[in-house]
Amino acid sequence: MRNREVAELLYETADIMEFQQIEWKPRAYRRAAQNIENFGEDIEKVYEKKGKKGLTEIPGVGESIADHIAEYLKTGKVEKFEGLKGKAPSGTAELMEIRGLGAKKMKKLADKLEIKTMLDLKNAVKSHRIRRLSGFGVKSEENIARAIENYEKSHSRIPLGKALPLAEEIISGLKEELKNGTPGLDLSRIIYTGSLRRLKETIGDIDILAEAEEADAGKIMDAFVSLPEAGQVVSKGRTRSSVILKEGFAIDLRVVPPESYGAALQYFTGSKEHNIGLRNIALREGYKLSEYGLYSKNSGERIAGKSEEEIYRKLGLEYIAPELRENRGELKAAAKNELPELVDAGDIRGDLHMHTDYSEGTESLETMIENAEAMGYEYIAVTDHSRSQRIANGMDIETLKEQWKEIKSLSKRFRIKVLRGSEVEILKDGSLDYPDEILKELDIVVGAVHSGFASSEREMTGRIITALENSHLDILAHPSGRLLGKREAYAVNFGKVFEAAAANKKIMEINCQPSRLDLNDELIFRAKNYGLKFCISTDSHSVSDLASMRYGLGQARRSWLEKEDIVNTYPYSRLKEVFKKLRD
DNA sequence: GCCGTTTTCGGCCCGACTGTTTTCAGTCG
């Protein structure tokens with residue numbers, strides 16, 4: 001999949017064009033890049049199959065950009081871009097990442113101080129050459145110095161599993177602070193927005209929105225900048241403040257009056273592309289939409305703004321859940337009342353992948369069962385590692401049989417159904433890590449790859465397909481093997497894997513571990529097109545992990561999945577039909 | 001450079017914050 005690579009090239013080209021003060025083109029290039037990044041199919045395959053015409057079917061890609069992409073896919077470079085590169089400093093793309101530096105300032109720094117790279121910029125700061133430049137001052141120079149520091153500390157994104165608890169902590173701290181001293185403030189209307197509310201797998205920075213009358217806004221801002229977690233205060237105003245947390249993450253807080261709360265929530269939740277689409281619809285309908293409300297274009301009269309629901313309704317659209325707001329067709333679907341009925345936390349009836357201290361989990365079988373039952377689940381599958389996973393204390397056949405005995409005896413004391421499962425290693429040749437007579441005794445076999453990540457695409461694809469053709473395997477666990485920010489997905493042909501899975505009626509796992517989220521939203525979307533069903537599983541190694549169901553659920557919702565697509569929303573009686581070997 | 005039940009040409013989201021150029025440009029989201 002080279003979408004990310006092609007998008008990166010277009011982003012970089014946009015930066016260079018912007019540096020040259022070229023108008024509009026950078027916007028067009030960025031839009032194309034964004035859409036390619038979010039495009040479900042492999043752009044290289046699209047080009048192979050349908051040629052240039054296939055490329056121009058991607059929104060934002062026209063004749064000219066399609067030609068450039070084709071040239072890039074064929075030759076590895078674009079002649080025109082090579083020429084452009086010479087017209088901007090070599091470090092332009094990286095330097096534009098520095099907060100507060102845009103094209104205009106960059107140009108001045110390059111022209112007057114010959115700053116071409118991050119190192120040049122650092123040196124210029126150190127020798128105080130920037131403060132002497134017209135248009136800059138001591139403060140600008142200091143801000144650039146800090147921005148460089150922040151860039152180097154945390155330009156990588158925050159995983160959802162870290163950002164979400166962090167935002168919840170900040171918000172509850174804020175509420176605690178405000179509870180005393182500001183009566184009349186509606187504390188339920190402090191909420192995280194942005195990519196976090198859309199539950200993207202990683203978050204750039206955390207955005208928080210609060211509702212307050214003007215008189216109370218100052219108090220919220222004061223409470224915010226004095227939170228114990230806050231490190232450096234980047235800016236503080238009446239409606240917006242920005243701090244950098246001690247651990248390096250940026251958090252923005254905005255305060256809006258009640259009549260604008262819905263409009264602001266909509267606006268700051270984004271995505272940017274969704275909002276642009278929505279604003280265009282508003283314009284077409286004779287309205288003007290901003291973060292303050294929906295207004296009539298002619299009279300300027302306010303039409304809506306208190307709630308998001310109201311805004312979407314007035315624009316003739318169904319309410320669009322935050323996870324869908326990526327401009328991937330949700331606006332058109334909403335106009336036709338064809339949005340999916342997204343799977344919801346309340347639909348989940350069980351968890352089909354977890355570990356105990358029989359292998360690498362930290363809790364006993366009994367504790368896991370107890371806690372799963374307390375969560376209201378109808379069933380769980382206990383899936384400790386198979387024997388070849390020595391590093392994870394994989395179980396030999398005897399230990400596995402002991403576990404079955406314990407499950408049987410514990411089952412008498414609990415209401416919840418406990419299924420005998422195993423996370424079985426898919427070996428190098430595609431065979432499974434227990435003999436057939438053991439596999440057929442298991443209620444659920446979760447197959448997984450934990451070795452040989454460097455295999456060729458052909459080898460890995462063959463290995464996984466062989467496993468999918470094995471009648472004993474039920475679920476393919478973390479199908480891509482990626483670890484967020486650490487390890488790329490292994491080389492595998494997902495088209496072929498999904499095809500084989502569909503032919504053999506296998507279930508694709510959506511693994512909830514924050515470092516995995518695997519399948520990711522794009523692959524889920526693709527897999528669904530093959531008619532596949534999914535399970536959302538926590539792969540818990542401890543009791544607290546059981547709560548990470550929400551991260552996988554978020555990815556499922558981002559991929560438009562409905563209850564019906566996900567087998568662990570089925571009642572036990574129906575689950576039995578899916579996993580035929582299940583007995584009572 | 002892209003796009004079109006307003007348009008094949010003429011638009012392209014728009015308002016807050018910061019710092020500096022003492023009235024506004026640049027940047028961000």
Side-chain angles (χ1 to χ4, degrees), chain A residues 10 13-15 17-19 21-36 55-69 80-81 84 95-109 130-144 146-147 193-195 203-209 217 221 233-242 250-256 260 263-264 266-295 297 316 327 332 335:
Chain A
L10 296 177
T13 307
D15 284 342
M17 287 174 163
E18 193 148 66
F19 176 84
Q21 328 285 313
I22 295 171
E23 284 193 297
W24 306 119
K25 288 192 195 184
R27 181 173 294 190
Y29 273 74
R30 292 209 175 97
R31 192 169 114 76
Q34 179 85 40
N35 287 327
I36 288 165
L55 297 177
T56 56
E57 281 167 15
I58 301 169
V61 177
E63 289 287 310
S64 170
I65 291 181
D67 279 334
H68 295 327
I69 295 172
K80 194 182 149 183
F81 297 171
L84 267 177
L95 287 167
M96 301 262 281
E97 296 269 302
I98 296 297
R99 190 190 164 90
L101 278 192
K104 300 269 168 66
K105 289 188 180 174
M106 260 292 298
K107 180 110 174 65
K108 196 173 249 177
L109 291 172
I130 290 176
R131 62 176 65 179
R132 293 199 293 271
L133 218 53
S134 81
F136 293 81
V138 174
K139 273 206 160 153
S140 304
E141 189 178 276
E142 285 169 359
N143 285 342
I144 290 173
R146 263 200 303 260
T193 66
S195 51
I203 311 301
D205 51 25
I206 296 171
D207 293 304
I208 295 173
L209 177 73
M221 290 305 183
V233 178
V234 178
S235 66
K236 185 182 173 215
R238 269 187 319 114
T239 65
R240 176 178 164 192
S241 295
S242 188
I251 299 207
D252 273 11
L253 172 69
R254 278 140 170 131
V255 178
V256 296
S260 296
Q266 193 290 313
Y267 179 78
F268 292 121
T269 296
S271 67
K272 195 173 172 185
E273 287 63 37
H274 174 86
N275 286 356
I276 289 174
L278 196 65
R279 282 192 181 199
N280 284 333
I281 291 174
L283 287 174
R284 230 174 23 232
E285 302 283 321
Y287 300 120
K288 195 174 78 83
L289 179 63
S290 75
E291 60 264 49
Y292 296 105
L294 183 67
Y295 301 89
K297 204 156 57 173
N327 202 20
K332 272 187 187 151

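Protein chains get the first letters and strands the later ones, always in sequence-line order, with residue 1 at the start of each.
- Across residues 21-34 of chain A, A/W24, A/K25, A/R27, A/A28, A/Y29, A/R31 each have a non-hydrogen atom less than 4.0 Å from an atom of DNA chain B (numbered order).
- With rounding to whole Å, A/N35 atom CG is found 11 Å from B/dC2 atom C1'.
- No donor-acceptor contact under 3.5 Å links the side chain of A/Y292 to the base of B/dG15.
- Distances shown here put a side-chain N or O of A/K104 below 4.0 Å from the OP1 or OP2 atom of B/dG26.
- Annotation: proximity of residues 59-67 of chain A to DNA chain B (heavy atom, distance under 4.0 Å) is found for A/P59, A/G60, A/V61, A/G62, A/E63, A/S64, A/I65, numbered in ascending order.
- Heavy-atom nearest nucleotides on DNA chain B were determined for A/L289 and for A/R146, and the one closer to the 5' end corresponds to A/L289.
- The side chain of A/T239 lies closest to B/dC17 when the candidates are B/dT27, B/dC17, B/dG29.
- Heavy-atom distances under 4.0 Å link DNA chain B to A/R279, A/R284 of residues 277-287 of chain A, given in residue order.
- Toward the 5′ end of DNA chain B lies the nearest nucleotide of A/F136, the other residue of the pair A/D205 and A/F136 mapping further downstream.
- No side-chain N or O of A/T193 forms a donor-acceptor pair with one of A/D207 less than 3.5 Å apart.
- In the set B/dA16, B/dC17, B/dG1, B/dC17 carries the atom at the smallest distance from any side-chain atom of A/S235.
- Pairing for B/dT8 is absent, with no Watson-Crick or G-U wobble pair whose two atom distances lie under 3.5 Å.
- For A/S140 and B/dG19, the shortest distance from a side-chain N or O to OP1 or OP2 is not below 4.0 Å.
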